[in-house]
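Comments concern the structure below.
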Amino acid sequence: VLRDHGVTAEALLEVAHARLRYPGRRQAVTAVGWLDARAASPRESHLRVLLRRARLPRPEVNGVITDEHGGFLAVGDLVFRRERVIVEYDGEVHAPMQQRAKDAARRALLREHGWIVVEIVGEDMRYPHRVIERVRAALRRSIACGAWRWLLEELAGAAIGQRRAARLAGRAVLQRRVREGHLTHD
């Protein structure tokens, strides 16, 4: 609605609030809160609302994914950036073999860069509890991987810190010995 018709959420709220006797007024106000102008399709919106109603974190809609140097990788339908999870809804547009090949290559690239990609198709939406569980499992997996990633970074940082501390200590010893006249400074 917002994207295709150039309507703003504020305008929709204004109309809903102006219709005091409208029977669906409260539901309309609630529905406006679920809208996102960045949504590319009604099916993506349905998926996003399903995940939010399941009390999952709020995803970024059509978020740009970049590599560690800021280079463009992809645009993800629903992006859980902190968890490095992308949920992709593949409708009929993704059915042709050529498009599926592009999608597969894109998702492989994302996975190579440490993203977990959850693919959802129309048939999956017939079983919402399965969709929710697949996304929830990906978020849990990501958190577990993130904990390991954090631990490895801490250990690597500690090792680098130890080497740096040893270098600095060695430099301090050399400087002291030069000051005390044991060594000459060239």
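Numbers for residues simply follow the sequence, beginning at 1. Just the heavy atoms: all of them, side chains too, but no hydrogens, waters or symmetry mates, feed the values below. As the structure is a computational prediction, the values presented were derived from the model and not from experiment.
Other residues, nucleotides and ligands place more than 12 heavy atoms under 6.0 Å from the CZ atom of Arg134.
Contact of the Trp115 side chain with the Val79 side chain is registered, since non-hydrogen atoms from C-beta on lie closer than 4.5 Å. Considering only heavy atoms from C-beta on, Met125 comes within 4.5 Å of Leu50 through its side chain. Looking only at side-chain heavy atoms (C-beta outward), Arg111 and Val117 come within less than 4.5 Å of each other. Under the 4.5 Å side-chain criterion, counting only non-hydrogen atoms from C-beta, Asp77 is in contact with Asn62. The shortest distance between side-chain heavy atoms of Val87 and Pro59 does not fall below 4.5 Å. At least one side-chain heavy atom of Leu78 sits less than 4.5 Å from a side-chain heavy atom of Val61.
His113 contributes atom NE2, which lies 5.0 Å from atom CD of Glu68 (distance to the nearest 0.5 angstrom). Remark: Arg48 CZ to Glu44 CD distance equals 9.0 Å, nearest 0.5 Å.
Salt bridge absent: Glu119 and Arg100 never bring a charged side-chain N and a carboxylate O closer than 4.0 Å.
Hydrophobic clustering places Ile132 together with Leu47 (ILVMFWY residues linked when any side-chain heavy atoms are closer than 4.5 Å, directly or through intermediates). No continuous path of ILVMFWY side-chain contacts below 4.5 Å connects Ile86 to Leu139, so the two sit in separate hydrophobic clusters.
When hydrophobic residues (I, L, V, M, F, W, Y) are linked wherever their side-chain heavy atoms come within less than 4.5 Å, the members clustered with Phe72 are Val64, Val75.
Proximity of a side-chain donor or acceptor of Arg141 to a complementary backbone N or O of Ile116 within less than 3.5 Å is not detected.
Annotation for Asp124 and Val131: closest pair O-CG2, 3.3 Å, computed over non-hydrogen atoms. Residues Arg43 and Tyr89 share a closest heavy-atom pair of CB-CE2, 3.3 Å. Of all heavy-atom pairs between Val85 and Ala138, the closest is CG2-O, 3.7 Å. In terms of heavy atoms, Ala74 sits closest to Arg106 at CB-NE, 3.5 Å.
Checked against side chain to side chain donor-acceptor pair (under 3.5 Å), Arg81 has the following partners two or more places apart in sequence or in another chain: Glu60.
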